[in-house]
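Below is one structure, written out as structure tokens, with a few remarks after it.
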Amino acid sequence: QVQLVESGGGLVQAGGSLRLSCAASGRTTASGTMGWFRQAPGKEREFVAATKWSSSITWYADSVKGRFTISRDNAKNTVYLQMSSLKLEDTAVYYCAADRSGIFSNVARTYDYWGQGTQVTVSS
């Protein structure tokens with residue numbers, strides 16, 4: 001089992017910044033993928049960004065490219081999502097997800113474990 005705990009959400013004005021953290025514990029794997037997804041009210045969960053514990057490779061949704069940065073601290077088993085130039089449409093619950101198999105994916109169903117989510121609200 002892998003446990004994921006997100007933190008760092010909150011209320012921010014448009015144009016502002018937030019940093020989300022996802023602390024992983026349990027049976028994480030060195031080859032695993034870590035992803036961030038988000039879900040706005042009435043919408044499906046959508047991919048935001050992904051990276052791997054063993055590589056600097058990253059993948060971003062077009063909607064956040066150039067504004068969000070995913071990173072990880074292997075010593076702390078923590079993945080971060082630095083969000084800048086936030087827009088109203090970034091408002092959502094943000095979820096951290098872990099895949100233990102090493103698949104590098106932007107598809108939610110390929111991830112094995114999920115955090116409880118953290119609310120990000122961008123105001124005008």
Mark yes or no for whether [X], through its side chain, and [Y], through its backbone, hold a donor-acceptor pair below 3.5 Å.
{"X": "T118", "Y": "G9", "value": "yes"}
{"X": "K52", "Y": "G102", "value": "yes"}
{"X": "D112", "Y": "R100", "value": "yes"}
{"X": "T110", "Y": "V107", "value": "yes"}
{"X": "Y111", "Y": "N106", "value": "no"}

- Query: Does a donor on one side chain and an acceptor on the other come within less than 3.5 Å for E89 and T91?
  - Reply: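 Per modelled atom types, E89 and T91 side chains form no pair under 3.5 Å.
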
- Query: Any side-chain heavy atom of Q82 sitting closer than 4.5 Å to one from S84?
  - Reply: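 Sidechains of S84 and Q82: in contact.
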
- So do F37 and Y94 actually touch side chain to side chain, heavy atoms under 4.5 Å?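 With C-beta onward as the side chain, the pair stays apart.
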
- Message: Give me each pair satisfying salt bridge (charged side-chain N to carboxylate O under 4.0 Å, His left out) with a member in residues 65-85, each pair once, sequence neighbours excluded.
- Response: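 Passing the test, one end in residues 65-85: D62-K65, R67-D90.
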
Give every donor-acceptor pair under 3.5 Å between a side-chain atom in residues 41-49 and any protein atom, sequence neighbours left out.
unit_1, atom_1, unit_2, atom_2, d
R45, NE, Q39, OE1, 3.4
R45, NH2, Q39, OE1, 3.4
E46, OE2, R38, NE, 2.6
E46, OE2, R38, NH2, 3.1

- Which atom pair, heavy atoms only, marks the closest approach of A92 to A40?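 Closest pair (atom of A92, atom of A40, distance): CB-N, 3.8 Å.
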
- Please find out if less than 6.0 Å separates the ring center of W59 from that of F104.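 Yes, close enough.
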
